Amino acid sequence: MPELPEVEILVRHLRPLIQNKTIRGVQVRRAKILKPTSPAELKRVLLGAKFTGLSRRGKYLLFDLRPRGRRVAVVVAAHLGMTGRIYLVRHGSMLPKHAAVVLNLGGKDLIFEDTRYFGRFTLDTSILAKLGPEPLSDEFTAGHLYEALERSTQSIKVKLLDQSLLAGVGNIYASEALFRARISPRLAAHNLTEDQVRRLWRAIRTVLAEAIRFGSTVPLNHGQDQNRDGLFYFGRAADAPNYYEERLRVYDCAGRPCGRCGSAIKRIVQAARSTFYCPACQRSAVRGKSD
DNA sequence: CACCATGTTCCTTG
DNA sequence: CCAAGGAACATGGT
């Protein structure tokens, strides 16, 4: 579920639901998620605190809180990792197997669930300083991208996953953006022409903006458990329509015909992760190499 | 049993 | 010191 568009949709969904709610209970069921914050510290800061805002930076959710009896605001930075979810249930509902953190908000419980426990829910916000620009902001320009790619010999696909280059693109939208820009994922970053960089810059923004627009039409509370709210189905739930996958043009589409030219979409592995692309539409600029 | 999975960090190698 | 590649983290689905 978690790349920039999914996190953005989640933030928009959650914001009005938690605004001004006071935390009456904090339950930490998997301390690893808080690192380097300790469960005791989290409880000390969050008990009695009130949610004052919710925003996003890259793939992070930023919960603004005003602790009880204190002026200074605090921020909880949450990252969903691969399998993280955040949603509200009726207070006292049966907890899912992998609930890592549960906040009692009175009538509702805010659940941070994460099957693989790669996510984060922490008071440590130092990681945010290392993030590159927001891809959809004015700060992120084609010039910025060109300069960042200029001296890198890494393949462009792998480079797009670097959160210090730009924040929020993950494995799915990296493939999607390169397809849209018609650039081979194997091309070394410093070999992109100015025109290609410009196309890629535009493609990144279009792909992310489209995903957000699309995500805003998807109901967040479908799925099996009526009790739940804010579930964002990314995977292939048997009982839920595959909104997301139908819309992706290359990701997880190996063997299927390219929507532009009809060639079979190919899967390759780069930096131990799958990349999907159309070998006909996304030709490498390196002569002699057939993609 | 094998391989795959939306992510990040740490370690090794060059 | 830097860049790049790979393993590790942990659990589940196919």
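If you're wondering where the values come from, they're calculated on a predicted model, not measured in any experiment. Convention: sequence-line order gives letters A, B, ...; per-chain numbering from 1.
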Centroid-centroid under 6.0 Å between A:Y277 and A:F179 rings |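 Between A:F179 and A:Y277, which both carry aromatic rings, the centre distance is not below 6.0 Å.
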Dump the intermediate steps for side-chain hydrogen bond (donor to acceptor under 3.5 Å, both in side chains) on A:H98 and A:D114, then the final yes or no.
-> CA-CA 6 Å; A:H98 300 294; A:D114 188 358; over 6 Å; no
Classify the nucleic acid contact of A:R273 as base, sugar-phosphate or nothing, counting any heavy atom under 4.0 Å across all strands shown.
-> base
Under 4.0 angstrom, heavy atoms only, what part of the nucleic acid is A:L161 near: base, sugar-phosphate, or nothing?
-> nothing
State plainly whether the residues A:R198 and A:D195 are in salt-bridge range, i.e. N to O under 4.0 Å.
-> no
Do A:R180 and A:Y173 meet the cation-pi criteria used here (NZ or CZ under 6.0 Å from the six-membered ring centre, within 45° of the axis)?
->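 No, a cation-pi geometry is absent between A:R180 and A:Y173.
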What integer distance in Å separates [X]:[atom1] from [N]:[atom2]?
{"X": "A:L149", "N": "C:dA3", "atom1": "CG", "atom2": "C1'", "result": "15 Å"}
{"X": "A:D114", "N": "B:dG7", "atom1": "CG", "atom2": "P", "result": "13 Å"}
{"X": "A:F121", "N": "B:dG7", "atom1": "CZ", "atom2": "P", "result": "21 Å"}
{"X": "A:L80", "N": "B:dG7", "atom1": "CG", "atom2": "P", "result": "11 Å"}
{"X": "A:K157", "N": "C:dA4", "atom1": "NZ", "atom2": "P", "result": "15 Å"}
{"X": "A:L4", "N": "B:dT8", "atom1": "CG", "atom2": "P", "result": "11 Å"}
{"X": "A:D162", "N": "C:dA4", "atom1": "CG", "atom2": "P", "result": "10 Å"}

Kindly say whether A:I172 contributes a backbone atom to a donor-acceptor pair with the side chain of A:S175 at under 3.5 angstrom?
->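 Flag not set: sc A:S175 to bb A:I172 has no pair under 3.5 Å.
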Please work out the stems of DNA chain C from pairs that are Watson-Crick or G-U wobble with both distances under 3.5 Å, keeping only runs of three or more consecutive pairs.
->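 DNA chain C forms these stems: B:2-5 with C:11-14, B:7-14 with C:2-9.
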For the pair A:T275 and A:K157, evaluate side-chain hydrogen bond (donor to acceptor under 3.5 Å, both in side chains) and give the outcome as yes or no after the intermediate values.
-> CA-CA 8 Å; A:T275 299; A:K157 154 59 165 42; 3.0 Å; yes
Hey, does the side chain of A:K159 come within less than 4.0 Å of C:dA3's phosphate (OP1/OP2), counting only N and O?
-> no
Reckon A:T83 has a side-chain N or O less than 4.0 Å from the OP1 or OP2 of B:dA5?
-> no
Of the listed nucleotides B:dT8, B:dT9, B:dA5, the one nearest the side chain of A:H79 =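 Output: B:dT8.
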Quick note, A:S274 side chain, CB onward, closest among C:dA3, B:dG7, B:dC4 is B:dC4
Scoring nucleotides 8-13 of chain C by protein non-hydrogen atoms under 4.0 Å (B base, S sugar-phosphate only, - none) yields -BBBS-
